[in-house]
Amino acid sequence: MTDELLARHRAVMPSWMSLLYEEPIEIVHAHDRRMTDSQGRTYLDFFAGVLTNSMGYDVAEIGDAVRKQLDTGILHTSTLYLIRSQVELAERIAKLSNIPDAKVFFTNSGSEANDTALMLATQFRRSNQVLAMRNSYHGRSFGTVAITGNRGWSASALSPVKVNYVHGGYRYRSPFRDLSDADYIKACVADLVDVLDTATAGDVACLIAEPIQGVGGFSLPPDGLFRAMKEVLDSYGVLFVSDEVQTGWGRTGEHFWGIDAHGVTPDMMTFAKGLGNGLAVGGVVARGDVLDCFQAQSFSTFGGNPVSMAGATAVLDYIKDHDLQANCAARGSQLISGLRAAESPIVAEVRGKGLMIGVELIKPGTTEPNVPAAARMLEETKKRGLLIGKGGLHGNVLRLGPPMTLTAEEAQEGLDILLDALKATHAAL
């Protein structure tokens, strides 16, 4: 049955819509942190639908909230009408953002959220010039592909904005990698100034950055980089947008938003994924004057719909009631320390924060990306009952982003599988 479904998928779906594994799987049931495929095999999930199923699966509180909304008979009204749950959730997010006089606009995805941020920044600054980070990823829409600094995900040179890329997000392969944290920050800030002064016309709209690069392999700069960068941006009048699509809601453990690690408040933040726990929801929270700058008529047909708002509100409640930010910190420390202690010859670096962990694989004794090892690791972990992801510019980085509800026992189970799979992969290659 899986072979038949795969053939049908390939016949009607685009070739660039990739599937994991040599033998792709169909998930038919899930509960807590475990998923079962159509062949009856059960897996511990360490990727959470690309960090989207943040609470796990079959969570009663979230399901009950969604069913309660469904029972009203209203799945959709559009934002042309007042939606109480939308207003209430926006109030909570505005307060959580710490952005002065914040307002919120809801979308359906991270791509749409980032597109909205670009539209707002370029309107507010009356400029089509944008800065982004090298090795970044911000979505698959026309505008967000244009600001994605990762060739593997940037399909077109066409762009609605003029983009320049700056250093800082991916340290392992940076020309500044051997510098101390303080000197690394100084070098990246100097690069930012140089780009502003030499490669732009001066009136740049914004810099958009992920506090931890997601598709880029969960890479991250030293804490404080974006605070130092924002000091420069403020002096030029340039807006700062933090892409929190993967880092938001406490996943990094240390802070509720990824950017908080840098001790700075952005002008805008975009969010999506984990807020909906599988429901389609995203958005922008920004300074009121920035969000209000758009002068044309506009609204969002499905953004902030009553069903998504009910589920997202339940997710926020669940995070708070179960102190999941603290759980992310504890389980992340457990996994990171365990992986680093293994000292595998094919592992160059174990990095990340909380339950957002990247494992960069290299050919032993070199810094050369070990792409075959990453592909093999996905197969070896799957064979042992664990689902993980991969990414990075070269596709050589394992991405671990389990549900934020992961238990200590499940973390150890996953860690044991990862270590065993690393040994098997090294031996095979």
Side-chain angles (χ1 to χ4, degrees), residues 12-19 50-52 78-79 104-166 169 195 199-201 203-210 213-216 238-247 266-273 275-276 280-286 290-291 293-305 308 391-393 395:
V12 297
M13 301 292 183
S15 59
W16 43 261
M17 192 169 149
S18 58
L19 292 165
V50 194
L51 284 72
T52 301
S78 95
T79 53
V104 178
F105 179 76
F106 288 106
T107 65
N108 303 290
S109 69
S111 293
E112 190 183 341
N114 284 329
D115 247 354
T116 301
L118 288 177
M119 179 184 69
L120 291 168
T122 54
Q123 286 285 308
F124 186 81
R125 289 280 291 158
R126 310 304 296 177
S127 168
N128 71 337
Q129 297 181 97
V130 170
L131 299 178
M133 307 299 292
R134 299 184 183 199
N135 198 51
S136 60
Y137 175 84
H138 297 287
R140 55 143 190 85
S141 63
F142 186 50
T144 55
V145 164
I147 58 167
T148 287
N150 184 319
R151 184 179 297 173
W153 292 86
S154 184
S156 173
L158 298 174
S159 173
V161 291
K162 172 70 168 62
V163 188
N164 284 289
Y165 296 98
V166 297
V195 169
T200 76
D203 55 340
V204 173
C206 69
L207 166 67
I208 184 168
E210 304 156 274
Q213 294 182 332
V215 168
V238 179
L239 299 175
F240 177 48
V241 183
S242 181
D243 180 344
E244 300 278 349
V245 170
Q246 296 195 34
T247 50
D267 300 292
M268 284 191 270
M269 289 195 292
T270 57
F271 57 84
K273 288 191 183 291
L275 178 62
V281 61
V284 180
V285 55
V290 174
L291 203 52
C293 77
F294 192 60
Q295 297 300 310
Q297 294 186 74
S298 190
F299 74 113
S300 178
T301 301
F302 295 105
N305 70 81
S308 292
L393 176 63

Peer 1: Output all residues satisfying side chain to side chain contact (heavy atoms under 4.5 Å, CB included) with Ser298, sequence neighbours left out; order by chain, then residue number.
Peer 2: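 Per chain and number, Ser298 pairs via side chain to side chain contact (heavy atoms under 4.5 Å, CB included) with Phe294.
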Peer 1: Could you tell me whether a side-chain N or O of Thr79 sits under 3.5 Å from a main-chain N or O of Phe299, the two making a donor and an acceptor?
Peer 2: no
Peer 1: Could you check Phe105 against Ser300 for side chain to side chain contact (heavy atoms under 4.5 Å, CB included), going step by step and ending with a plain yes or no?
Peer 2: CA-CA 9 Å; Phe105 179 76; Ser300 178; 3.7 Å; yes
Peer 1: Compare every heavy atom of Phe124 with every heavy atom of Val290, then report the nearest pair and how far apart it is.
Peer 2: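 Minimum heavy-atom contact is CA-CD1, 3.9 Å.
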Peer 1: By side chain to side chain contact (heavy atoms under 4.5 Å, CB included), which residues pair with Asn164, not counting sequence neighbours?
Peer 2: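 Asn164 satisfies side chain to side chain contact (heavy atoms under 4.5 Å, CB included) with Leu131, Lys162, Val195, Ala199, Thr200 only.
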Peer 1: If you take all heavy atoms of Cys293 and Gln123, which pair is closest and at what distance?
Peer 2: SG-CB, 3.9 Å
Peer 1: Tell me, please, which residues at least two apart from Ala121 pass side chain to side chain contact (heavy atoms under 4.5 Å, CB included).
Peer 2: Ala205, Cys206, Leu239, Met268
Peer 1: With the side chain counted from C-beta on, respond yes when Arg126 and Asp203 share a heavy-atom pair under 4.5 Å apart, and no when they do not.
Peer 2: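 The answer is no; the side chains never approach within 4.5 Å.
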Peer 1: Taking only residues two or more places apart in sequence or in another chain, which ones pass side chain to side chain contact (heavy atoms under 4.5 Å, CB included) with Val163?
Peer 2: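 Listed in chain order: Ala132, Ile147, Ser159, Val161, Tyr165.
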Peer 1: Check whether Thr107 reaches the backbone of Ser109 with its side chain - one donor and one acceptor, N or O, closer than 3.5 Å.
Peer 2: yes
Peer 1: Pairs in or reaching into residues 131-141: which pass side chain to side chain donor-acceptor pair (under 3.5 Å), with residues at least two apart or in two chains?
Peer 2: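 Qualifying pairs, neighbours excluded: Asp115-Ser141, Arg134-His167, Asn135-Gln213, His138-Asp243, Ser141-Thr144.
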Peer 1: Could you check whether any side-chain heavy atom of Pro266 comes within less than 4.5 Å of a side-chain heavy atom of Glu244, counting everything from C-beta outward?
Peer 2: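 Not in contact.
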Peer 1: Look at the side chain of Thr270 and the backbone N and O of Val284, then say whether any donor-acceptor pair between them is shorter than 3.5 Å.
Peer 2: no
Peer 1: What distance do Asp267 atom CG and Leu291 atom CG have between them, rounded to the nearest 0.5 Å?
Peer 2: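 Between Asp267 CG and Leu291 CG, I get 12.0 Å after rounding to 0.5 Å.
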Peer 1: Side-chain contact, heavy-atom cut-off 4.5 Å: Pro160 with Asn128?
Peer 2: no
Peer 1: Closest approach of Glu112 and Asn108, non-hydrogen atoms and distance?
Peer 2: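 Of all heavy-atom pairs spanning Glu112 and Asn108, the closest is OE1-ND2, 3.0 Å.
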Peer 1: Taking all non-hydrogen atoms of both residues into account, name the closest pair between Leu207 and Met133 and its distance.
Peer 2: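 Nearest pair, atom of Leu207 first, then Met133: CD1-SD, 4.1 Å.
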Peer 1: Using the ring pair (Phe, Tyr, Trp, His ring centres under 6.0 Å) criterion, which residues pair with Phe271? Sequence neighbours excluded.
Peer 2: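 Listed in chain order: Trp249.
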Peer 1: Search all heavy atoms of Thr122 against all heavy atoms of Val130 and return the closest pair with its distance.
Peer 2: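 It is CG2-CG2, 4.4 Å.
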